Amino acid sequence: MLLFHSTNGQSPAVNLREAFLAGIAPDRGLYLPERFPRFTFEEMAAFAKMPYHEIAFRVLSKFTEGIIPDADLAAMCRSAYNFPVPLEIVNVRIFLMRLDQGPTASFKDFAAQMMARMFGRFLQEDGRQVTILTATSGDTGSAVAHAFHKIPGVRVIVLFPYDEVSVSQRKLMTTLKDNIRTVAVNGKFDDCQAMAKRAFADETLKHIPLSSANSINIGRLLPQSVYYFYAASRVALSGEPVVFSVPSGNFGDMMGALVAREMGLPVRKIIAAVNDNDAFPKFLATGHYEKIIPSRNSLSNAMNVGHPSNLARLVAVYGGQMDETGKIHKLPYLAAMRRDIFSTSVSDARTVAGVREFWDHFQLLLEPHGAVAWQGFQDWAAAEPLGNSPAVLVETANPAKFPDEVEKVVGWSPDVPTNMQASLQLPEDFDRMDADYDTFQKYLLARHA
Ligand SMILES: *Cc1c(COP(=O)(O)O)cnc(C)c1O
């Protein structure tokens, strides 16, 4: 059975089930597999003819061996991935992968849908209950709320920064009720994340079985490697190495690409495109890491992250060690990192210009996160010619989630996908709180009395 160890190196290795239910390791590190299972070229070539859910099954079964029987996993993949994953042609060898066709119209659905099924299964096996506590900059909260809605044994508490999410993002979280509670915090995403982190470490809350669905959970990372295999199977017909441009905040999405690469997928470059929160591109350039406090507000609001939590994993994959505070105990192999990864910061002005340019040149609509991926790709291509490599730009949300930003640029407002329309009509229900940990602690205690 595959074991998972902590990036901080002070906790025992555990199996996927334990890593998944714990979320974070006891030493506050993040779980990573001790080794990455690998695909042969022939196995990957066969993906070309498989539907998405079948590729998901092939990839995930490498990690779930001995934990979830194959027939059950296959059924979970079929029901989780019952929506399309469009790959639109931008220009000859450049493609746009739209990860926005799930129930909440962002790529967060890919992980949330699978995590909810795994949680439901593990809890039922144990006859246990958990409270999933998640801090969100918008899309995680809605994806998690929808995926876990009415899953037996699970309560969900979502913390979100009131002023930093769009109305449609908010309504996708606040209209569900039942086992889903949302808390609007008068603060920033970092405040929400800090409150959640303190709750996980709080001895007074030890009797409350808390778990996380944030990008720190390994169960979130693995499903996010699947769409890179899928994209390559559709655009790299002879197995040519692919360039992926990924708009990045907490770096869970780009880590999915790195996991795919470690599993044998031919990847030429992973472009980690960030907004004004440029701690990582600076680190990659200089080897010096300085987190950004407070995080900077940008149009691509789901990426307003001053200290990306998955950097601990990224650094570990390249032989280094970074703890949860961002302190580097051992430098990773920077030359290897630079060989595989390119990173660049895209300003709001360039983000807007990217939406406009993409529409003018290609008649394809982007929202701000996708525009960051496009500009990041152009920065890379200016330094290294694309040649014959296929390139895939990752569009992480539906333009209708950012109607104001999009309308300002192209002059009209995108259609709201039918899966989102229902939520926008329902009455909202959420709690409101200052960014104060003691208040939040009392709130949790009162709800679990
Ligand atoms: C969460 C999110 C991102 C950033 O993904 P990370 O895994 O945190 O890097 C990008 N775009 C959208 C729309 C998101 O919701």
Side-chain angles (χ1 to χ4, degrees), residues 51-53 56 76-89 95-117 136-151 156 158 160 165-180 182 223-224 226-227 230-231 234 247 253 300-302 355 358-359 362-371 393-430:
Y52 189 92
H53 67 82
M76 288 157 76
C77 290
R78 264 196 309 276
S79 71
Y81 302 118
N82 60 0
F83 50 85
V85 184
L87 275 156
E88 293 171 354
I89 297 183
F95 300 83
L96 181 71
M97 175 159 62
R98 292 202 187 266
L99 302 178
D100 66 347
Q101 306 287 302
T104 68
S106 92
F107 92 99
K108 301 288 199 305
D109 288 323
F110 284 79
Q113 288 293 320
M114 184 48 62
M115 284 184 81
R117 283 165 175 79
T136 183
S137 53
D139 291 327
T140 294
S142 45
V144 165
H146 275 259
F148 285 88
H149 188 214
K150 295 188 174 165
I151 296 254
V156 176
V158 181
F160 70 95
V165 306
S166 72
V167 174
S168 64
Q169 279 178 320
R170 191 182 75 222
K171 287 190 176 173
L172 282 168
M173 309 185 257
T174 57
T175 54
L176 286 169
K177 312 195 176 69
D178 301 311
N179 59 333
I180 312 294
T182 38
Q224 290 175 182
V226 174
Y227 40 77
Y230 170 81
R234 298 315 197 253
D253 198 358
S300 48
N301 65 6
V355 175
F358 217 71
W359 177 250
F362 311 120
Q363 299 284 296
L364 292 171
L365 195 59
L366 294 177
E367 51 69 60
H369 304 81
L393 315 172
V394 178
E395 173 54 291
T396 46
N398 192 285
K401 281 192 122 171
F402 300 88
D404 302 341
E405 289 82 354
V406 171
E407 183 165 3
K408 251 182 242 156
V409 175
V410 296
W412 43 270
S413 191
D415 290 342
V416 177
T418 37
N419 46 5
M420 268 172 65
Q421 277 166 16
S423 299
L424 301 184
Q425 311 297 327
L426 293 170
E428 292 187 83
D429 180 23
F430 58 90

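On a predicted model such as this, the values are computed, not experimentally measured, just so you know.
Here Q421 pairs with V416, T418 under the side-chain contact (heavy atoms from CB on, under 4.5 Å) rule; sequence neighbours left out. Residues satisfying the side-chain contact (heavy atoms from CB on, under 4.5 Å) criterion with S166, sequence neighbours excluded, are S168, Q169. Take F148 and apply the ring pair (Phe, Tyr, Trp, His ring centres under 6.0 Å) test, not counting sequence neighbours, and it matches F119. For N82, there are no side chain to side chain donor-acceptor pair (under 3.5 Å) partners at least two apart in sequence or on another chain. Judged as a side-chain contact (heavy atoms from CB on, under 4.5 Å), and not counting sequence neighbours, the contacts of V355 are A371, V409. Scored by the salt bridge (charged side-chain N to carboxylate O under 4.0 Å, His left out) test, R234 finds no partners at all (sequence neighbours excluded). Take Y81 and apply the side chain to side chain donor-acceptor pair (under 3.5 Å) test, not counting sequence neighbours, and it matches no residue. For F83, the ring pair (Phe, Tyr, Trp, His ring centres under 6.0 Å) partners two or more places apart in sequence, or in a different chain, are F110. When the side chain to side chain donor-acceptor pair (under 3.5 Å) test is applied to D415, no partner is found at least two apart in sequence or on another chain. Residues passing the side chain to side chain donor-acceptor pair (under 3.5 Å) test with S300, sequence neighbours excluded: N275.
Between V226 and A56, the shortest heavy-atom contact is CG1-CA, 3.5 Å. Smallest separation of non-hydrogen atoms from E395 and H369: OE1-C, 4.3 Å. Scanning both residues, V158 and M173, for their nearest heavy atoms gives CG1-SD, 3.8 Å. Of all heavy-atom pairs spanning P414 and V406, the tightest one is CD-CG1, 3.8 Å. Scanning both residues, A143 and D109, for their nearest heavy atoms gives CB-OD1, 3.5 Å.
Every pair passing salt bridge (Lys or Arg N to Asp or Glu O under 4.0 Å) that includes a residue from residues 397-411 is listed here, sequence neighbours excluded: D139-K401. Residue pairs meeting the ring-ring contact (aromatic ring centres under 6.0 Å, His included) criterion with at least one partner in residues 404-429, sequence neighbours excluded, are W359-W412.
At a cut-off of 3.5 Å, with distance as the only test, a side-chain donor of D178 or H149 sits close to an acceptor on the other residue. S137 and N301 share no donor-acceptor pair across their side chains, judged by distance under 3.5 Å alone.
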